[in-house]
Every structure is written in C-alpha cells, then in structure tokens.
Number of protein chains: 2
Amino acid sequence: MGEKGRPEVAGDEELHPLPGAGTGKVVCLACPARDSFLCSGFEDDELKHLAARATRFSLARGKTLILEGDPADNVYNIIEGDVVLSRIASDGRRQILGFLSKGDFIGLTLSEEYSFSAEALTEARLCRFDRRSLEELVERFPGVDRQIRRMGAATIDHLLDLVFALGRKTAEERVASFLHHQAHKQGCCLDPTKELRLAMTRADIADYLGLTLETVSRTISRFKRDGLIEMPSTNRILIKDLDGLTQRAEAETI
Amino acid sequence: MGEKGRPEVAGDEELHPLPGAGTGKVVCLACPARDSFLCSGFEDDELKHLAARATRFSLARGKTLILEGDPADNVYNIIEGDVVLSRIASDGRRQILGFLSKGDFIGLTLSEEYSFSAEALTEARLCRFDRRSLEELVERFPGVDRQIRRMGAATIDHLLDLVFALGRKTAEERVASFLHHQAHKQGCCLDPTKELRLAMTRADIADYLGLTLETVSRTISRFKRDGLIEMPSTNRILIKDLDGLTQRAEAETI
DNA sequence: CGATTCGTTGATCCCCATCAAATGGAGTGG
DNA sequence: CCACTCCATTTGATGGGGATCAACGAATCG
C-alpha cells in the first residue's frame, strides 16, 4: 500500500471470499443486491456459480476502490453503501461522473485501464469479479449477458441526462434536477414526509453538476427561502413543493 | 409523413431489404461497415443470417431518422455518412449527444422510447434491425452479444469524456479537444498534410460542446490567428501545430 | 440577382466563478 | 459544561468568461 502516493486504498485484509459451489449456504441468496442487474441474471439455484467467482469485501468511508489509470482487471457490484466515480485533471479540477449505490455496477469499459477513480462515500460493501470470471459466467449463463447489456444501456441513459444538464441547463435547473432525481431514487416523491438524505457534500454535488460549491449552496438556500424545501440539517432535506422543484428543473426535453 | 409537425422524416419508399438467407449474394460481405462492432460479431459464412434481418436504406441530408419520444423499436447501424444525435428542450435549447459515422450503432437504450433524436448530417446509408430480430441474432450467435456489450462500453467511455469536458473544461479547451478528436478520428494526426473536414456547422459544434456558435467561431479564429491551424475554407481545417492544439485541450486527466 | 443560410466580428451584459469572511455543528479535551 | 479546533456550509463582494444582441461578410441556391 501507499506506493506512489496513492490515496488511502482499501487493504486486502478486508477481503473474504464467498461460500462457493461446494457445501455451505450461498450468501448471494440473502444479498441485499440480489435483484441488481447483474445478479438477477441468475436463477436461485444458479447463484452458487456466481458466488464461487465473487469476492465480497467492505470499504471504509473515504477509501479508494479504483484509481484512475489502474488496469481494468476487475468489475464490482455494490451490495450496500454509496460510491462515487470521478475524474480529476492534473490541475485539480474534478468531475464526478456518477453517484452509485446498491445494485450498481462498476467497471463497464472497453479500455485496458480505468478512466475514472472510485471512492466510498459511505461505509460500503461490494462484490468483486475479475474480468475472466465474468466472461466465463456470461458464456455459461445467457441471461447474464442480457443483464450486462441492460446495465450498459441504463448507464448510457443516465449519462445522456447528465450531458444535457451540463451542456444546457442553468445552475438552478441543475440543482433542482439533482434534488428531484435523488428524491425519486430515495422514494421521497411518493411519500412527502420522507426526508431526503444526501450522503455527499456540497463540493461533491458541485463537482457532479459542473458548478462550484458556493453556487450549489446559494441555490439550495434559495430553494429553502422560497419554501420549496426544508432542511432539518444540512444533509437532510424535506421536499415541501415537489411541483415547484420540478418546474425549476425544467428544460423539460420535448 | 408530416403529422403533428414532425421535421422532415425519411420516407419508407427509400427502403429496400437486403438479399437474405436465400440465394443471391450477401451484400453484407462487401459492406463498408463490415468491420463495425455489430457486424464483426459474425463470421463471413454467417452473414446471411444478419442480412436476412437487416433492411438497408438511405437517408438524405437533414432528414430525421428518430424523433425523441418515438417508440424504441429499432436499432440502426451506420454504413456510410454522418448522423447526429441530439436532445432538445421545449424552449429550444439543444444538446448534441454525439456525432456518429460509419460503423456506429444507434439505439442502445433501456427505455421504451428514444430519449434523443437522430438526424442525417450528410447523405447517409444505414441498416435497420427491429429489436426482436436483434434479440434472435444474439441468442443464436454468442459473438454478437459480446460485440453489443463492447459497443455499449465504447459509448460509455465516450460519454464520460464528454461529461468531463462539459463539466470542467473551458471553452478553449473544449474546442481544442473537439478538433483534436476529429483530427484523430480522420487520421490527420499521422499525416499532417491531410486536412480535417467538418461535416457539422458551428452551431452543431456549439450544441455539442455546451457553448454558443459565436464562442466556437471566435475560438477557432483565435487558433487560426495563433498559427495552430489553417482554414482553406470554413469547414476544412489543416492542423499546423498539433502539439499546440493538444496543449490548449489540456485539462489532461491525471 | 435577391433570398437564405452560415460564419465572423464587435459591443455589452450577466450568470456564475472567485476571493473572502462569518457561521454552525461535531468532536475533543480540560 | 465550556473552550477550542476542525471542517462543511453559508453568505457577501467583486470580477471575468462566455452569452446575448447586433451587424456585417461570404457562400449557396432558386
């Protein structure tokens, strides 16, 4: 660990392989991410084959899972927690490429090296597969491949939204869209009393939306002042006027 | 044609199916896009199966292939020409999501409806497959699926670059990156005498880079004034100083 | 040759970045 | 419980990069 000044990278001592194809319970059956894109490609009785190739491990908050430029040898499935993907320029400018959580998949790339870094935003648990193992699984279980294609398509759909936001939305629209998306993801749209919890800092949001943290903060303050939201604390948000928020997110695509 | 004010959409009279699995030469063998991601999933002797499910057609410059919101029933492979994908907000703001050309694939989405429009930038020829046919092909030919996954990954890699540019690069860096990328794509980096041809207008470039056409024009003019490029005509560019252009594209990711 | 579309250039404005400082909350130790 | 530190956040003041508004060339086409 620690060669060439890497940020704090997870130690492998935290790894422990899953109960495999032999005896033992198949831990995947009770996995919170059982319904994720990747794992839903398997029937229950096939899960032991998945488990045999997976290594489950946990990652402390702030630890780096992937450092941009690392050889792209593994893929990961998030079991629990939040992970952030980012790219940093040599002069420090950072762009966050996505906030990932339970069931999301990391590592879809054609490149030999990862073109992004991945870091735990909260304490997290993940499953690691090396590429070769994944390739074996795909050949043996046709459903998996379909799921991988679906994951890719979902990622593309999401990135297209982000591109539109970064290219053509104002700061206010970006922040409103972001809050709206997070609220939707956390089920706050259906239950107006449920409060939104933001695992990321204002700086993270800014780096995701192509803004500065000051602009994000000012915009959120304005939403509060205008009665669209309430904030019991800085990272807990209660949506008081979903319609109003949606309107400010506008730039509705036709 | 022309219901509910659609832009000029290609008429189906231009369609003509490919010689299929029966007798006849398999037109795919001599197709310029034979090596594209999709088609390289097939051995030569398997191509007739591909051809049987494909409909080749051409699309006049400016014609719309896909209108945002259309049911996502088909996928397309570009044989020849340039196609632009875009998304337009109700107030007219447009974001171009990609400039596609020979061998590129259109239609990777999870959604039931296309979330973007596609329009021919130049006279173009394409291959259409309905989703069901493609699904059949995937089941029968395992190589295809792998290719589709690779296409998805390539698209993601490309979109991540665009996200970084839109989120964190200055106008000058964006335009320099764009020219550099186009030059690379057209092989102008290896042969400095080869001139770059831009099929798109300044407005198109602007809508791709999240800028205005004036800013794009000014920036290109500055590059010319500084001796980085020469312009025999507005859409033909000769790169005089590739290093200089690369430097201005900077924001090199670590 | 008008008409139209595209590109260039100039003048001005404004949104958001930047710089700076105050506020607040969480943790720590006395 | 208070004093203190540390860091995230908020808020204010100012400036600049790129948008906007406007006018003028240049190329294409009927």
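Small disclaimer: the values here were computed from a predicted structure and weren't measured. Within every chain, numbering begins at 1; the chains are lettered A, B, ... in the order of the sequence lines, protein sequences first and strands thereafter.
A sub-4.0 Å separation between OP1 or OP2 of C:dC16 and a side-chain N or O of A:T215 is absent. Of the side-chain N and O atoms in A:S217, one or more sit less than 4.0 angstrom from OP1 or OP2 of D:dT10. A:S221 has a side-chain polar atom (N or O) that falls below the 4.0 Å cut-off from OP1 or OP2 of D:dT11. At the phosphate of D:dA26, neither OP1 nor OP2 sits under 4.0 Å from any side-chain N or O atom of B:T234. Contact annotation: B:R202 reaches the phosphate of C:dT8 (side-chain N/O to OP1 or OP2, under 4.0 Å).
Among the atoms of the strands shown, base atoms are found under 4.0 Å from some heavy atom of B:T212. Among the protein residues, B:M200 comes within range of no part of the nucleic acid, since none of its heavy atoms lies under 4.0 Å from any strand. Across all strands, B:L213 comes closer than 4.0 Å to base atoms (heavy-atom distances). Using a 4.0 Å heavy-atom criterion, one finds that B:T170 contacts the sugar-phosphate atoms exclusively.
Rounded to whole Å, atom P of C:dT8 lies 6 Å from atom NZ of B:K224. We find that CD1 of B:I220 is positioned 9 Å from P of C:dG7, with the value rounded to whole Å.
In this structure, the nucleotide among C:dT8, D:dT11, D:dA8 sitting nearest to the side chain of A:E214 is D:dT11.
Using modelled atom types, no side-chain atom of B:E230 and backbone atom of B:I239 make a donor-acceptor pair closer than 3.5 Å.
Of the charged side-chain nitrogens involved, at least one lies within less than 4.0 Å of a carboxylate oxygen, so that A:R94 and A:D204 count as a salt-bridged pair.
No donor-acceptor contact under 3.5 Å links the side chain of A:R222 to the base of D:dT10.
Between A:M231 and the choices A:I220, A:L196, A:L238, the side chain to side chain contact (heavy atoms under 4.5 Å, CB included) rule is met once, by A:I220.
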